[in-house]
Amino acid sequence: MRKPIIAGNWKMHKTRDEALQFIYNVNLKVPNKEYVESVVCAQAPVLRDLVKRQGENLRIGAQTMHEQTEGAFTGEVSAALLEDLNVDYVIIGHSERREYYNETDEGVNKKIHQAFRYDLVPIACVGESLEIREKGETDAFVSNQVKAALKGLTDDQVKNLVIAYEPIWAIGTGKTATPEEANNAIKSIRSVITEMYDAGVSDETRILYGGSVKPANIDDLLAQSDIDGALVGGASLNAQDFLTLVNSAQAKVDQ
Ligand code: PGA
C-alpha cells in the first residue's frame, strides 16, 4: 500500500505568529510518519521557524522554488537554500503559479529535476480548466502535462515523486470533483506513468487529489482505489480541520 500524504498548502496566508501557533497545535497530534505523511507548505520566510518546531511527525514544504542553483533572480528561492533549511517537500507548478507567474510545463520539468538534486520531494501539480473539462479533453490535457513533467526522470525519482491532480475549477471554489471523477483522472495519470515506466514504478508513485478538500469529503476521496492523499488549501489553514484530514488518512491505513 502507498503511504498516504496530506499536504496543506497555506498559499499567501498566516503571519509568523499564526504559523507558529498552528504548528504548536498540531505537531504533537499528527499521525506517526511511518504511516501517514503530514506536510505543511508555508511562505518561504517562516520555513526555518517551522522546521525547528515541526516535531517527530510533521514535515514542512515550500510552495515553489527556482530551477537554477543561484544567480540574479530577484525574489526567488533556491533549492539549495531549502535543503539547507531542512525543508523536505516543495510544491512545483501549482496552477496559480502557472496562471499568474507564467510557469510552463518545461519549467516545471526543470524544477522537478532541480528539487531532486537537492533532496527535496517535489509535489508536482497538474490539472485542467473548466473549459478543457467541458470539451471532454481532460485526460489528453493532463496526460501531456504529466509527460512533460516527468521528462528525463529515472525510475527511482518517479517512485519518490508526488503528483497532485488539481482540477483548476475545483480550487478554492467549494466545487470538488466527485470521488469517481478524481479517481478516474488519477488512474489515467497512473496509466501514463505505466506507459513511460513499468508498472512497478507507477504502483509506487503517490498521486494526490486537490481542490476544495475538507473534513466533510476527505473520507470519500481516500476510499477511492488510486487517490493517495490530498493537497489542501483553504481547509489546511485551520489546525482542527488539518488534524481531521490527517486522522482520516490514518483511519484509512488502519482499515
Ligand atoms: P483549496 O486549494 O483546497 O482551497 O481548493 C487547493 C490547492 O490549491 O492546492
Side-chain angles (χ1 to χ4, degrees), residues 2-67 69 75-94 96-97 108 111-112 114-125 157 160-164 166 206-208 210 213 218 228-250:
R2 293 178 292 270
K3 195 202 287 190
I5 303 181
I6 302 292
N9 173 13
W10 283 352
K11 308 190 180 182
M12 202 172 71
H13 292 284
K14 293 198 189 291
T15 60
R16 177 173 180 272
D17 280 354
E18 289 164 349
L20 291 179
Q21 190 59 55
F22 180 102
I23 297 300
Y24 291 134
N25 287 339
V26 308
N27 63 359
L28 301 177
K29 296 187 187 149
V30 295
N32 189 315
K33 66 176 189 295
E34 294 289 308
Y35 306 110
V36 175
E37 285 171 41
S38 306
V39 184
V40 167
C41 299
Q43 297 183 72
V46 293
L47 292 172
R48 173 84 181 130
D49 285 327
L50 302 190
V51 168
K52 275 197 204 159
R53 296 162 176 88
Q54 67 187 359
E56 272 293 292
N57 294 312
L58 184 67
R59 285 295 167 269
I60 305 301
Q63 298 174 4
T64 184
M65 47 156 259
H66 199 269
E67 70 260 27
T69 301
E76 287 290 343
V77 175
S78 71
L81 177 57
L82 295 177
E83 187 197 31
D84 200 24
L85 296 179
N86 287 319
V87 164
D88 289 308
Y89 296 79
V90 57
I91 299 173
I92 306 272
H94 188 279
E96 287 151 17
R97 301 287 316 171
V108 166
K111 289 183 182 202
I112 293 173
Q114 181 74 346
F116 279 125
R117 276 183 209 112
Y118 287 90
D119 268 340
L120 299 160
V121 176
I123 303 176
C125 300
Q157 287 173 330
N160 287 308
L161 177 73
V162 179
I163 296 179
E166 300 205 303
R206 269 95 50 90
I207 311 181
L208 317 181
V213 175
I218 186 74
D228 302 319
L231 182 58
V232 188
S236 75
L237 294 170
N238 177 286
Q240 196 49 55
D241 285 350
F242 182 76
L243 286 173
T244 305
L245 298 171
V246 294
N247 286 333
S248 292
Q250 178 66 55

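This is a predicted model, so every value here is computed, not measured.
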I would like to know whether Y118 and L81 meet side-chain contact (heavy atoms from CB on, under 4.5 Å); could you show each step before the answer?
CA-CA 9 Å; Y118 287 90; L81 177 57; over 6 Å; no

Cut-off 3.5 Å, side chains only: do E18 and H13 have a donor facing an acceptor?
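Not at all, the side chains of E18 and H13 share no donor-acceptor pair under 3.5 Å.
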
Shortest non-hydrogen contact between [X] and [Y], atoms and distance:
{"X": "A124", "Y": "I112", "result": "CB-CD1, 3.7 Å"}
{"X": "V232", "Y": "S236", "result": "O-OG, 3.1 Å"}
{"X": "L82", "Y": "T64", "result": "CD1-O, 4.2 Å"}
{"X": "G93", "Y": "V108", "result": "CA-CG2, 3.7 Å"}
{"X": "V30", "Y": "S38", "result": "CB-OG, 3.7 Å"}
{"X": "I92", "Y": "P122", "result": "CG1-CB, 4.0 Å"}

Does [X] use its side chain to pair, donor to acceptor, with the backbone of [Y] at less than 3.5 Å?
{"X": "N9", "Y": "G233", "result": "no"}
{"X": "N57", "Y": "K33", "result": "yes"}
{"X": "W10", "Y": "V40", "result": "no"}

Less than 4.5 Å apart, side chain to side chain, heavy atoms only: is that true for [X] and [Y]?
{"X": "L161", "Y": "F116", "value": "yes"}
{"X": "N247", "Y": "P31", "value": "yes"}
{"X": "L120", "Y": "M65", "value": "yes"}
{"X": "K14", "Y": "V46", "value": "no"}
{"X": "V39", "Y": "D88", "value": "no"}

How would you list all residue pairs meeting salt bridge (charged side-chain N to carboxylate O under 4.0 Å, His left out) that involve residues 3-13, not counting sequence neighbours?
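Listed once each, the pairs are K3-E37, K11-E96.
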
Between atom [atom1] of [X] and atom [atom2] of [Y], what is the distance when rounded to the nearest 0.5 Å?
{"X": "L47", "Y": "N86", "atom1": "CG", "atom2": "CG", "answer": "11.5 Å"}
{"X": "L231", "Y": "I163", "atom1": "CG", "atom2": "CD1", "answer": "13.0 Å"}
{"X": "R2", "Y": "L208", "atom1": "CZ", "atom2": "CG", "answer": "10.5 Å"}
{"X": "I23", "Y": "L28", "atom1": "CD1", "atom2": "CG", "answer": "11.0 Å"}
{"X": "Q43", "Y": "T15", "atom1": "CD", "atom2": "OG1", "answer": "9.5 Å"}
{"X": "I123", "Y": "E166", "atom1": "CD1", "atom2": "CD", "answer": "9.5 Å"}

The test is side-chain contact (heavy atoms from CB on, under 4.5 Å); show your working for R97 and Q63 and say whether it passes.
CA-CA 9 Å; R97 301 287 316 171; Q63 298 174 4; over 6 Å; no

Steps toward side-chain contact (heavy atoms from CB on, under 4.5 Å) verdict (I218, T244)
CA-CA 9 Å; I218 186 74; T244 305; 5.6 Å; no

Just checking R48: does its CZ atom have more than 12 heavy atoms from other residues, nucleotides or ligands closer to it than 6.0 angstrom?
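Check fails, neighbour count at 12 or below.
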
Surrounding OH of Y35 (heavy atoms of other residues, nucleotides or ligands, distance under 6.0 Å), is the total greater than 12?
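Open.
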
side-chain contact (heavy atoms from CB on, under 4.5 Å) between L20 and R53: does it pass, once the steps are laid out?
CA-CA 8 Å; L20 291 179; R53 296 162 176 88; 3.6 Å; yes

